[in-house]
Amino acid sequence: LYWSPPLAIDPGLVQHKHHLLLPHLKCIMTSIGADFFDGDEEFLEEQQNKPLTWRGDASYSDWTVIIESKKQEAKYSVHRAILGVGPRSSMYFSTLFGAHHFKEQEDGGVSRILLEEDDALVFEDLLDYLYEGTLNASTDNAVALRSLARYFQCSTLLKDINGFIQKDLSITTAPLYLKNAWQHSDTKLEESSKRLIMKHFESIDDHALEILPTPLFCALWKDVECDNHLKMSRVVYHFFQQHAEARTATLLSELTSRITHMDVQFVSGFLEMLAQLDPHKQHDGEWLALDHLCKKCADSLVTDWRCFDTELCVRKFLNPSVRGDFRGTGRIAVRLMGASIELAKADYTRVLERNHQLQAAQERLSLKIDEQKDRITLLEKGARLAKDSLTYKDLEIAGLKIGIDKHKSRINQLEEQVLKLEEELRVATSALAPPKAPPKKRVGWSSSLS
């Protein structure tokens, strides 16, 4: 770096390039030992801790950006070295500040940029990021920052804001992201938010979708697949409550066509919307479709009338704000409907009391049955014990029988031995007895004759 002592230091140049000039200045002052450099080093070190900014003081600013929108116009004094060069630079501004853009330079370094209202509101956040690297992102402004990052071709901001959206996108924030993405024609983010809502529709808050514009809500509603029709009726009701301008016969019929059962707590609200429609602005086909909606409300009321507030419904329909043609023909119908429901409630109360009595009797009978079951259990236990005892006795008897058989066998053996001994005794007795004399011959008359 060439440095001439008589050359005055340009503060703007020092502030832009102080991190490059400071080491060379120290080297020059050390080598030549010039006294007139005293104090310059302290000045440079002081300037080193004073970063450039677009806020407040416009010192050293070399360009002006005017942001125009439908409602406001804002003027910003910026530095081309920050916006057009560096790791967070904008390709848009880098091209704008190029040497071939003579028109802006002839106008004194002023650029006018027309932005949408939401984008204009977050342009300052874009400048904060380009100057300081601070990402002032939130659920409300993330889509607008993403839009500015793409418009001004700031790749680092686009990467950082995409990371923020990826972490922040949830079933709670998805409706707001869907709305903002639709307004900014951000198709990819719109589809991602829509898929998340479709996947977790039953878990979403009933009021969450009421922030959507009418065309977006209608487009989303065509793709909703949900078996919880009570949930669907609540979501549609809250949407119409928030968008009074959308309460037409056609839209009421279209958004409720796939709902077969209405939440009874909102039936009176739907009927009130129907009553406030201008009969002269609806053709016969629309009234026929509305008749189907009335039938759904009536069927839902009959099915689950216990939660229906009759007096509130009567007060709503007899309110002076309701058109006179409805009041004239609807008063009797409303009163009859209220009386019928009150009668049904009284009948239900009596049935409910009878059910309580039957339940009490059933509980008493259940207690008696439990007692009998306990007794049967005890008897069965006693029977099992008696059976076990009989089994033991049978075993004892079998053992005794075996013993008796053994004794009988022993007795038979002893009897045989006795018989043998008797035989031997007889034989021995015979051997000891004296011999018998031979018998004498008798002399009969035949001998005497001889």
What are the two closest heavy atoms between Ser89 and Gly84, and how far apart are they? CB-C, 3.7 Å
Side chains of Asp388 and Leu390: closer than 4.5 Å at any heavy-atom pair? no
For Phe270 versus Met262, what's the shortest heavy-atom pair and its separation? CE1-CE, 3.4 Å
Could you name each residue pair satisfying side chain to side chain donor-acceptor pair (under 3.5 Å) that touches residues 211-232, not counting sequence neighbours? Lys194-Asp223, Asp206-Lys231, His229-Thr260
Starting at CG of Leu178, measure out to CG of Leu212 and round the result to the nearest 0.5 Å. 5.5 Å
I would like to know whether Ile113 and Ile66 meet side chain to side chain contact (heavy atoms under 4.5 Å, CB included); could you show each step before the answer? CA-CA 6 Å; Ile113 303 175; Ile66 300 177; over 6 Å; no
Can you tell me how far CG of Leu189 sits from CG of Asn180, rounded to the nearest 0.5 angstrom? 8.5 Å
In short, ring-ring contact (aromatic ring centres under 6.0 Å, His included) pairs touching residues 137-161 with sequence neighbours left out are Tyr92-Tyr151, Tyr92-Phe152, Phe93-Phe152, Phe123-Phe152
Just checking, is any N or O donor in the side chain of Trp63 or Ser111 under 3.5 Å from an acceptor N or O on the other one? yes
Quick one: do Arg112 and Glu73 make a salt bridge, cutoff under 4.0 Å? yes
Taking Tyr131 for its side chain and His79 for its backbone only, find out whether a donor-acceptor pair lies under 3.5 Å. yes
Answer yes or no: is there a side-chain heavy-atom contact under 4.5 Å between Tyr76 and Thr64? no
Please confirm whether the backbone N or O of Ile259 pairs with a side-chain atom of Thr256, one donor and one acceptor, at under 3.5 Å? no
Do you see a donor-acceptor pair shorter than 3.5 Å between the side chains of Thr391 and Asp394? no
What is the minimum heavy-atom distance between Thr156 and Arg88, and which atoms define it? OG1-CA, 3.5 Å
Judged by modelled atom types alone, do Tyr177 and Asp168 share a side-chain donor-acceptor pair under 3.5 Å? yes
Considering only heavy atoms from C-beta outward, does the side chain of Leu255 approach that of Met232 to under 4.5 Å? no
All side-chain hydrogen bond (donor to acceptor under 3.5 Å, both in side chains) counterparts of Ser147, not counting sequence neighbours: Asp119
Kindly check if the number of other-residue, nucleotide or ligand heavy atoms within 6.0 Å of CD (Gln166) is above 12? no
About how many Å separate CZ of Phe266 and CE of Met273, when rounded to the nearest 0.5 Å? 10.0 Å
Rounded to the nearest 0.5 angstrom, the CG-OG distance for Leu127 and Ser77 is 10.5 Å
With sequence neighbours left out, the residues meeting ring pair (Phe, Tyr, Trp, His ring centres under 6.0 Å) with His243 are Phe239
Does Glu116 CD have over 12 foreign heavy atoms under 6.0 Å away? no
I would like to know whether Glu210 and Gln241 meet side chain to side chain contact (heavy atoms under 4.5 Å, CB included); could you show each step before the answer? CA-CA 8 Å; Glu210 66 185 21; Gln241 285 292 99; 5.9 Å; no
Separation of Leu126 CG from Ser90 OG (nearest 0.5 Å): 7.0 Å
Going by heavy atoms in the side chains, are Leu252 and Val236 under 4.5 Å from each other? no
Between Ser253 (side chain only) and Ala249 (backbone N and O only), is there a donor and an acceptor less than 3.5 Å apart? yes
Under the rule for side-chain hydrogen bond (donor to acceptor under 3.5 Å, both in side chains), what residues qualify as partners of Gln242, not counting sequence neighbours? none
Correct closest heavy-atom pair for Arg146 and Ile165 would be CD-CD1, 4.0 Å
Flag the pair Leu216 / Gln183 as yes when at least one side-chain heavy-atom distance between them is below 4.5 Å, and no otherwise. no
Does Ser233 reach the main-chain N or O of Asp263 with its side chain, forming a donor-acceptor pair under 3.5 Å? yes
What's the shortest heavy-atom distance between Leu251 and Ala246, and which atoms? CD2-O, 3.3 Å
Side-chain donor or acceptor of Ser389 paired with backbone N/O of Leu385 under 3.5 Å: no
Does some side-chain heavy atom of Leu121 sit less than 4.5 Å from a side-chain heavy atom of Gln72? yes
Within residues 354-368 or reaching into it, pairs that qualify as side chain to side chain donor-acceptor pair (under 3.5 Å) - sequence neighbours excluded: Arg354-Gln357
For the pair Asn141 (side chain) and Ser138 (backbone), establish whether a donor and an acceptor sit closer than 3.5 Å, ignoring hydrogens and angles. yes
Begin from the C-alpha positions of Asp186 and Arg150 and carry the test side chain to side chain contact (heavy atoms under 4.5 Å, CB included) through to its verdict. CA-CA 11 Å; Asp186 193 335; Arg150 297 165 67 183; 3.4 Å; yes
Given the rule in the side-chain hydrogen bond (donor to acceptor under 3.5 Å, both in side chains) test, do Tyr129 and Asp160 qualify, once you have shown the distances and angles that lead to the verdict? CA-CA 10 Å; Tyr129 182 83; Asp160 291 344; 2.5 Å; yes
Side chain to side chain contact (heavy atoms under 4.5 Å, CB included) between Val78 and Leu130, intermediate numbers included: CA-CA 11 Å; Val78 297; Leu130 296 177; over 6 Å; no
Glu202 and Cys226, any side-chain heavy atoms less than 4.5 Å apart: yes
Spatial distance of atom CD1 (Ile197) from atom CD1 (Ile204) [nearest 0.5 Å]: 5.0 Å
Write down the atom of Ala137, the atom of Leu145, and the distance for their closest heavy-atom approach. CA-CD1, 4.1 Å
With a 4.5 Å cut-off on side-chain heavy atoms, are Leu148 and Leu115 touching? yes
